[in-house]
Amino acid sequence: IKHGNNPNRTNKSQFEISKEEVIKILQDTKTVKAPVGICPNSKNFIREVDVGKTVGKLSQKAEFSSTNKITIITNDKGDLLNVYPGPFKY
């Protein structure tokens, strides 16, 4: 996981849950059925999901605030391109 708990990457949000927990969230019905938006700069699809518990911290720019949201980016075939803690607009 690129956004794993790495204290040296202060410019990126970081998960504070395990890779297995992230995978479980990605497979959860609430996540799969979350509303889908289209990224304005590409044809990729965006899902932003409130998982109901803290999953990570935002970047230093956001004062390392805790977040209970994840953003999921997929292509038009449904392939996972990226997943990270925090809202898409961030």
| Pairwise distance CD1(Ile73) to CZ(Phe88) - rounded to 0.5 angstrom | 5.5 Å
| query | Is the backbone of Pro85 close enough, under 3.5 Å, to the side chain of Thr67 for a donor and an acceptor to pair up by distance? | reply | no
| Asp28: side-chain hydrogen bond (donor to acceptor under 3.5 Å, both in side chains) partners, not counting sequence neighbours | none
| Sequence neighbours excluded, every pair satisfying salt bridge (charged side-chain N to carboxylate O under 4.0 Å, His left out) that has a member inside residues 64-81 | Glu48-Lys69
| said: For a side chain to side chain contact (heavy atoms under 4.5 Å, CB included) check, start with the C-alpha distance between Arg47 and Thr74, then their side-chain angles and the critical distance, and finish with the verdict. | reply: CA-CA 9 Å; Arg47 283 182 178 82; Thr74 57; 4.1 Å; yes
Would you give me the side-chain donor-acceptor pairs under 3.5 Å for residues 35-45, sequence neighbours excluded?
{"residue": "Ser42", "atom": "OG", "partner": "Asn44", "partner atom": "N", "Å": "3.2"}
{"residue": "Ser42", "atom": "OG", "partner": "Asn44", "partner atom": "ND2", "Å": "3.2"}

| request: Taking the side chain as every heavy atom from C-beta outward, state whether Val83 and Leu26 have any atom pair closer than 4.5 Å. | output: yes
| field | Result of checking Leu81, Leu80, Ile46, Asn82 against Ile72 for side-chain contact (heavy atoms from CB on, under 4.5 Å) | value | Leu80
| query | Can you list every pair that meets side-chain hydrogen bond (donor to acceptor under 3.5 Å, both in side chains) and has a residue in residues 29-39, with sequence neighbours left out? | reply | none
| message | As an exercise, state the distance from CD of Gln60 to NZ of Lys12, rounded to the nearest 0.5 Å. | response | 13.5 Å
| Non-hydrogen atoms of Gly86 and Thr71 that approach each other most closely | O-OG1, 2.6 Å
